[in-house]
*Asks:* 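Sharing a structure with you now.
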Amino acid sequence: MKKIVFLFLIILCIGIPTHPVNAQTKVFDCLEGELEVSFGGNSVQVIKRGADPFIKTISDENFYSINNALCTDEHVIIYGFSHTTDAPTYYDGLMIVFSSSGDVEMIKLIDYEGLEEVKSLDYMDNTYMLHLELNTNDRDYLYLADYIISYNEDFEEVATHEFSQEIKRKLVKDNIYLLSFNYQGDYDYGILSNNEVLSNESLLSLESYYTSSVYIPFINQGFLNGETVENGILVTYPGNYSFSYNNQIYDFVLEPTISGVEDQTVYQESKSFEVSAGNVLVNNELYIQGSSIDFPGNYDVIIEGINGYTKELSFTISAQVEGVINNQDYNEDLAIVFLGTGYLNNNTVTSPLVISNPGEYVLRVVGQNGYSEVYEFTYTLEEKQFSLAGFIQNIDIFLLIITMIGGVVLLRKKIK
């Protein structure tokens, strides 16, 4: 009984995590699990549930207040603000970075000589976008500025953008970090992952031709081939395009990427190919991406896109004829192999084809879309010609054999 009670006490003390005294607890979504963060006094406890769970406690002289968390495949980040009576500005923005296994990689305090607080942290295109609010360090607690600070994946600061108005609304869409100073309506600015800043007056630098895809960065409303699009768009379908934005018109063509075949090329084997996007026709029939084309022939490829766009190419798969050469005379049997439909002297034949009778032959192999190969050849039996030297040589050999046989007979008679 004492052992059971003792084990129960151990479980209570060790197996169940204890929260900081007078702690405030918040629970956040974390990938496919959740993150429970308890903070109070001079400690923070983080409990990650789901994939790669961990429990981690941080205790030091600072007081940490946590607003929210961000989980990526590599990191777990909690953020908010920190304060201590010993600090000259009292409050500092806070970001604590854990590895996916729970190791503390960084405790970052952000000080702009006022009262700083991290309001949000977002991740886009391998870049962390941190929103920091700065207020005066006095009893009035007056607003000073908002900052958007970008960090690379090693949490090294890349760029800082300062705004003199309070950011009321934010949205991350694809590769644009959108922000507004109002709770509704248009966005005032957009920040790209390369730290380019977009506004409603921004001019675009679109080229005339693109391959495979093109991303058009803009904020608020634009028109692509007459259809309304908003806050950036990724175009992946081949076609002829016209994009209207801020009373400017940008025309461009998007070409598909083709892999597996090249234009005007003859292949000695079966082929398949892939097209990045578009409606693909081969010899006027719908082509299923990646399917093998085995039959010899001429193949015309048409790729159809948006707004009347087409791209054409052609290639050939040969009949791969072996065992015969055009305009040759043979004096022994032939074994001929080929792909496609064969005609020997206008009679249908199949591969492999064996020629064993003397004569004149025309072999025609046909394939798709007018493809044809023609081989003309003859098969002639070798005639044996009279040779005087050979005749005399054969007589000498014959007489020698007779002489040898006669000598053997005489020898046997003498022995007797």
*Asks:* Consider only side-chain N and O atoms of Asn225 and Ser242, and report whether a donor and an acceptor are under 3.5 Å apart.
*Replies:*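 The criterion, which ignores hydrogens and geometry beyond distance, is not satisfied for Ser242 and Asn225.
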*Asks:* Let's go through Glu207 and Tyr209 carefully: what are the C-alpha distance in whole Å and the side-chain angles of both, what is the deciding distance for side-chain hydrogen bond (donor to acceptor under 3.5 Å, both in side chains) to 0.1 Å, and is it a yes or a no?
*Replies:* CA-CA 6 Å; Glu207 299 178 3; Tyr209 289 89; over 6 Å; no
*Asks:* Let me see the working for Gln165 and Tyr143 under side-chain hydrogen bond (donor to acceptor under 3.5 Å, both in side chains), right down to the final yes or no.
*Replies:* CA-CA 9 Å; Gln165 299 182 65; Tyr143 172 82; over 6 Å; no
*Asks:* Could you check whether Lys56 makes a cation-pi contact with Phe54, meaning its NZ or CZ is under 6.0 Å from the centre of the six-membered ring and within 45° of the ring axis?
*Replies:*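 No, a cation-pi geometry is absent between Lys56 and Phe54.
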*Asks:* Applying side-chain hydrogen bond (donor to acceptor under 3.5 Å, both in side chains) to Asn182 and Gln184, what does each step give before you reach the verdict?
*Replies:* CA-CA 5 Å; Asn182 300 289; Gln184 59 185 2; over 6 Å; no
*Asks:* Between Leu334 and Glu332, which heavy-atom pair has the shortest distance, and what is it?
*Replies:*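 Shortest heavy-atom separation between Leu334 and Glu332 comes out as CD1-O, 3.1 Å.
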*Asks:* Assign the ring pair Phe155 / Tyr128 to parallel, tilted or perpendicular, where the plane angle (0 to 90°) is split at 30° and 60°.
*Replies:*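 Ring orientation, 0 to 90° scale: parallel.
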*Asks:* Just wondering, more than 12 heavy atoms not from Leu234 lying within 6.0 Å of its CG?
*Replies:*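 Count over threshold, so yes.
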*Asks:* Kindly say whether the aromatic ring centers of Tyr189 and Tyr177 come within a distance under 6.0 Å.
*Replies:*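 Ring-ring flag for Tyr189/Tyr177: false, centres at least 6.0 Å apart.
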*Asks:* Please state whether the rings of Tyr287 and Phe273 are parallel, tilted or perpendicular, taking 30° and 60° as the class boundaries.
*Replies:*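 It falls in the parallel class, under 30°.
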*Asks:* Which heavy-atom pair separates Ile336 from Ser351 by the least distance, and what is that distance?
*Replies:*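 Heavy-atom minimum between the residues: O-OG, 4.2 Å.
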*Asks:* Counting C-beta onward and ignoring hydrogens, is there a side-chain heavy-atom pair between Val321 and Val324 closer than 4.5 Å?
*Replies:*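 Yes. Closest side-chain heavy atoms under 4.5 Å.
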*Asks:* Assess the pair Phe252 and Tyr241: is the distance between their ring centroids shorter than 6.0 Å?
*Replies:* yes
*Asks:* Quick one: does Ile176's side chain get under 4.5 Å of Leu192's, heavy atoms only?
*Replies:* yes
*Asks:* Going by atom types alone, do Thr25 and Glu36 pair a side-chain donor with an acceptor below 3.5 Å?
*Replies:* no
*Asks:* Show your working on side-chain hydrogen bond (donor to acceptor under 3.5 Å, both in side chains) between Ser193 and Asn175 and close with a plain yes or no.
*Replies:* CA-CA 6 Å; Ser193 57; Asn175 297 325; 5.2 Å; no
*Asks:* Kindly say whether Glu113 contributes a backbone atom to a donor-acceptor pair with the side chain of Asp111 at under 3.5 angstrom?
*Replies:*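 The answer is yes, because a donor-acceptor pair under 3.5 Å joins these two groups.
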*Asks:* For residues Tyr371 and Gly297, report the shortest heavy-atom separation together with the two atoms involved.
*Replies:* CB-CA, 3.4 Å
*Asks:* If you measure only the distance, is there a donor-acceptor pair under 3.5 Å linking the side chains of Asp294 and Ser292?
*Replies:*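 Result is yes, a qualifying pair exists.
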*Asks:* Going by heavy atoms in the side chains, are Lys168 and Ser180 under 4.5 Å from each other?
*Replies:*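 SC-SC contact between Lys168 and Ser180 ruled out.
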*Asks:* Going by the ring-ring contact (aromatic ring centres under 6.0 Å, His included) test, name the single residue among Tyr187, Phe223, Phe243 that passes it with Phe218.
*Replies:* Phe243
*Asks:* Would you indicate whether Leu286, at its atom CG, is surrounded by more than 12 heavy atoms from other residues, nucleotides or ligands within a distance under 6.0 Å?
*Replies:*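 Yes.
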*Asks:* Quick one: does any side-chain atom of Asn42 pair with a main-chain N or O of Glu61 as donor and acceptor, under 3.5 Å?
*Replies:* yes
*Asks:* Please say whether more than 12 non-hydrogen atoms of neighbouring residues, nucleotides or ligands are located less than 6.0 Å from CG in Asn346.
*Replies:* no
*Asks:* Mind checking whether Glu162 and Tyr112 have side chains closer than 4.5 Å, heavy atoms only?
*Replies:*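 No, too far: nothing below the 4.5 Å cut-off.
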*Asks:* Check whether any side-chain heavy atom of Pro256 sits under 4.5 Å from a side-chain heavy atom of Lys311, and report yes or no.
*Replies:* yes
*Asks:* Please lay out, stage by stage, how Tyr299 and Phe315 fare under the test ring-ring contact (aromatic ring centres under 6.0 Å, His included).
*Replies:* CA-CA 5 Å; Tyr299 292 93; Phe315 63 92; 5.6 Å; yes
*Asks:* Please tell me if the side chains of Asn240 and Ile306 come closer than 4.5 Å, counting only heavy atoms from C-beta onward.
*Replies:*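 Not in contact.
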*Asks:* If the condition is side-chain contact (heavy atoms from CB on, under 4.5 Å), which residues does Ala51 pass it with, not counting sequence neighbours?
*Replies:*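 Counting only residues at least two positions away or on another chain, Ala51 forms no side-chain contact (heavy atoms from CB on, under 4.5 Å).
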*Asks:* Please tell me if the side chains of Phe338 and Val349 come closer than 4.5 Å, counting only heavy atoms from C-beta onward.
*Replies:* yes
*Asks:* If you count heavy atoms of other groups shown closer than 6.0 angstrom to CD of Gln221, is the number above 12?
*Replies:* yes
*Asks:* When you look at CG of Asn284, are more than 12 heavy atoms from neighbouring residues, nucleotides or ligands closer to it than 6.0 Å?
*Replies:* no
*Asks:* Give me the atom names and distance for the closest heavy-atom approach of Ser318 to Val266.
*Replies:*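 Minimum heavy-atom separation between Ser318 and Val266: CB-CG1, 4.4 Å.
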*Asks:* Do you know which of Leu35, Thr57, Ile96 makes side chain to side chain contact (heavy atoms under 4.5 Å, CB included) with Val46?
*Replies:* Leu35
*Asks:* Just wondering, are more than 12 heavy atoms of other shown residues or ligands nearer than 6.0 Å to CD in Glu304?
*Replies:* yes
*Asks:* Should we say atom CG of Asp263 is surrounded by more than 12 heavy atoms from elsewhere, each under 6.0 Å from it?
*Replies:*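 Count over threshold, so yes.
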*Asks:* Under 3.5 Å, is there a donor-acceptor pair between the Gln328 and Tyr379 side chains?
*Replies:*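 No, Tyr379 and Gln328 have no side-chain donor paired with an acceptor closer than 3.5 Å.
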*Asks:* Could you give the side-chain donor-acceptor pairs of residues 361-370 under 3.5 Å, partners two or more places apart or in another chain?
*Replies:*
| residue | atom | partner | partner atom | Å |
| --- | --- | --- | --- | --- |
| Tyr361 | OH | Asn357 | O | 2.6 |
| Asn369 | ND2 | Asn298 | O | 3.2 |
| Asn369 | ND2 | Asp300 | OD2 | 3.1 |

